[in-house]
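Notes follow once the structure below has been shown.
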Protein chains: 2
Amino acid sequence: MAKPRHSRLDCNPGCAVEATLRLIDGKWKGVILFHLLDGTARFNAIRRRIPGVTPRMLTNQLRELEQDGLILRQVYAEVPPRVEYSLTERGRSLAPVLEALRSWGDANLALFGAAPPPPAVAAA
Amino acid sequence: MAKPRHSRLDCNPGCAVEATLRLIDGKWKGVILFHLLDGTARFNAIRRRIPGVTPRMLTNQLRELEQDGLILRQVYAEVPPRVEYSLTERGRSLAPVLEALRSWGDANLALFGAAPPPPAVAAA
DNA sequence: CAGTATCCCTGGTGATACTG
DNA sequence: CAGTATCACCAGGGATACTG
C-alpha cells in the first residue's frame, strides 16, 4: 500500500471496533462488499446494482477497499477492457460482520426509515 | 425524533448493512457504544476514556446515538449536575455487531496500523 | 459537572465532461 | 468498458473559549 490512509487511532478498548468500521465505512463500501459476497463482478455490473453511485465514487471506494486488502482487482488486457472485482480471503472473512450488520438492520430498522425507539422508562 | 438524520438509502440488498453502519459510524460512536457495554457512565467519565474527543464532539455523538434510540440520557436535577448515559435495549442489542467488529479487528488488523494483505495470487 | 458557542478548515461526495 | 479530470459544495469535525 502507498499510505496508511487511516490516520491514527487512539487505541483504547474499542479501538478494534473503530478500526474495522473505518474499513467498511464510506457510504458505498458496505453495499459493495455485500454484493461481492455473491461473487465476482465487473465495474459496470456493480455500478448497475448501486443506483446513485457515480463512476468516480465507485472507483474511489473500490480502490480503497483494494488498498485495504479486502477486494481483488483483476484487469484483463483485452479489448474491450474487462476488470473484475472479487473479495479477497480477508474480504470474505468480513462476511460474519456484514451479516451481523445486515441482520441487525433488518430487525431494528423496520425498513430504513428508522422508526427508532420504543419509549424509554421514566425515572429520576 | 426531530429529523430523520439519515437522508435516504437506496435500498438494494445491502441496504440494511448501510443503514446499520450509519448508526454506529461517526468517529466516536463505536468507542462510545463499546464503553457503554460496560455499564452506565457519566459525561466526563466517558470523556476520560476517550482521549482526543472534545466536549463538543462527545455531546454531538451522544445526542445522535440518543436520537437513534441506542442510548439513554438520564439527567438528574442536582447540583452539581449529573448526567448518566447508558445503552437502551436497542443499543444493547448491538452487542453482537460490536463484538463482530471488534473480533474481526483484533484478528485482522494486527493492532491498528493496518498491515494489510498477504500478496494475492497471479492470474490473467 | 456537563455541556454551548464560534470560528474555521479539511476531505468526502456530487455533477459533469472527457479518454485509453 | 472502465475508468480520469475538474470544479465545487458543504457537512463533519477540530480548537478554543464561555456558561447554567
Side-chain angles (χ1 to χ4, degrees), chain A residues 2-10 18 21-32 35-36 40-68 71-86 124, chain B residues 2-10 18 21-32 35-36 40-68 71-86 124:
Chain A
K3 338 168 266 189
R5 278 205 332 96
H6 302 296
S7 39
R8 170 86 175 81
L9 294 177
D10 51 281
E18 287 295 336
L21 241 20
R22 297 288 150 79
L23 296 185
I24 63 184
D25 172 42
K27 186 147 202 190
W28 305 108
K29 290 187 185 175
V31 180
I32 292 171
H35 284 318
L36 287 181
T40 296
R42 300 176 60 166
F43 187 86
N44 281 332
I46 301 174
R47 194 182 167 186
R48 252 173 278 115
R49 302 189 70 170
I50 309 180
V53 73
T54 59
R56 197 180 81 86
M57 273 312 293
L58 184 53
T59 303
N60 182 326
Q61 303 279 286
L62 287 168
R63 291 293 146 85
E64 292 193 0
L65 290 170
E66 189 191 4
Q67 275 181 47
D68 290 329
I71 67 174
L72 182 64
R73 181 169 178 266
Q74 272 300 359
V75 183
Y76 296 85
E78 306 173 354
V79 63
R82 178 161 58 110
V83 179
E84 293 186 341
Y85 294 91
S86 55
Chain B
K3 336 168 264 187
R5 281 208 326 95
H6 304 295
S7 37
R8 170 88 175 80
L9 295 177
D10 49 283
E18 287 295 336
L21 278 174
R22 298 289 149 80
L23 297 185
I24 63 184
D25 172 44
K27 187 146 203 188
W28 306 108
K29 290 187 185 175
V31 180
I32 292 171
H35 284 319
L36 287 180
T40 297
R42 301 175 60 166
F43 188 85
N44 281 332
I46 300 175
R47 195 183 166 185
R48 252 173 278 114
R49 302 189 69 172
I50 309 181
V53 73
T54 59
R56 196 179 85 84
M57 274 314 292
L58 184 53
T59 303
N60 181 325
Q61 303 279 286
L62 287 168
R63 292 291 146 84
E64 292 192 0
L65 290 169
E66 189 191 5
Q67 276 183 45
D68 290 330
I71 68 174
L72 182 64
R73 182 170 177 267
Q74 272 298 0
V75 182
Y76 296 87
E78 308 173 353
V79 64
R82 178 160 58 109
V83 180
E84 292 186 343
Y85 294 90
S86 55

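- Proximity of A/Q61 to the phosphate of C/dG12: no side-chain N or O atom is located under 4.0 Å from OP1 or OP2.
- Here the P atom of nucleotide D/dA2 and the CZ atom of A/R73 are 10 Å apart, to the nearest Å.
- Between B/Y85 and B/L72, the closest side-chain pair of non-hydrogen atoms is not below 4.5 Å.
- With C/dT13, D/dC1, C/dA2 as the candidates, the nucleotide lying closest to the side chain of B/N44 is C/dA2.
- Using N1 to N3 plus N6-O4 or O6-N4 for Watson-Crick, or N1-O2 and O6-N3 for G-U wobble, each under 3.5 Å, D/dG20 pairs with C/dC1.
- With A/E18 contributing its side chain and B/G30 its backbone, the two residues share a donor-acceptor pair below 3.5 Å.
- Of the candidates C/dT4, D/dT16, C/dC1, the closest approach to any side-chain atom of B/P81 belongs to C/dC1.
- Among the nucleotides C/dG14, C/dT4, C/dA2, the one closest to the side chain of B/V83 is C/dA2.
- If you measure from atom CZ of A/R47 to atom P of C/dG14, you get 13 Å, rounded to the nearest angstrom.
- Proximity of A/L62 to A/R73: side-chain heavy atoms (C-beta onward) are nowhere separated by under 4.5 Å.
- Between B/R42 and the phosphate of C/dC1, there is no side-chain N or O to OP1/OP2 separation shorter than 4.0 Å.
- Tested against B/V31 for a side-chain contact (heavy atoms from CB on, under 4.5 Å), the candidates B/L36, B/I46, B/I50 yield a single pass: B/I50.
- Comparing atom distances between the B/W28 side chain and each of D/dG3, D/dG14, C/dA2 picks out D/dG14 as nearest.
- Protein atom CZ of A/F43 is 15 Å distant from nucleotide atom C1' of C/dG20, rounded to whole Å.
- Rounded to an integer number of Å, the gap from B/M57 CE to C/dC7 C1' is 16 Å.
- Spacing between atom CZ of A/R63 and atom P of C/dG11 amounts to 21 Å, rounded to whole angstrom units.
- Sequence order on DNA chain C of the closest nucleotides to B/E84 and A/N60 puts B/E84 first from the 5' end.
- The nearest whole Å value for the distance from the CD atom in A/E78 to the P atom in D/dG3 is 13 Å.
- If you take CG of B/L62 and P of D/dG12, they are 16 Å apart, rounded to a whole angstrom.
- Relative to the side chain of A/Y85, the nucleotides D/dA15, D/dG13, D/dG3 differ in distance, and D/dG3 lies closest.
- You'll find a donor-acceptor pair under 3.5 Å spanning the side chain of B/R56 and the base of D/dG14, going by distance alone.
- Taking the side chain as every heavy atom from C-beta outward, B/T54 and B/T59 never approach each other to under 4.5 Å.
- Between A/R22 atom CZ and D/dG12 atom C1' the separation is 12 Å, expressed in whole Å.
- An OP1 or OP2 oxygen of C/dA2 is reached within less than 4.0 angstrom by no side-chain nitrogen or oxygen of B/R48.
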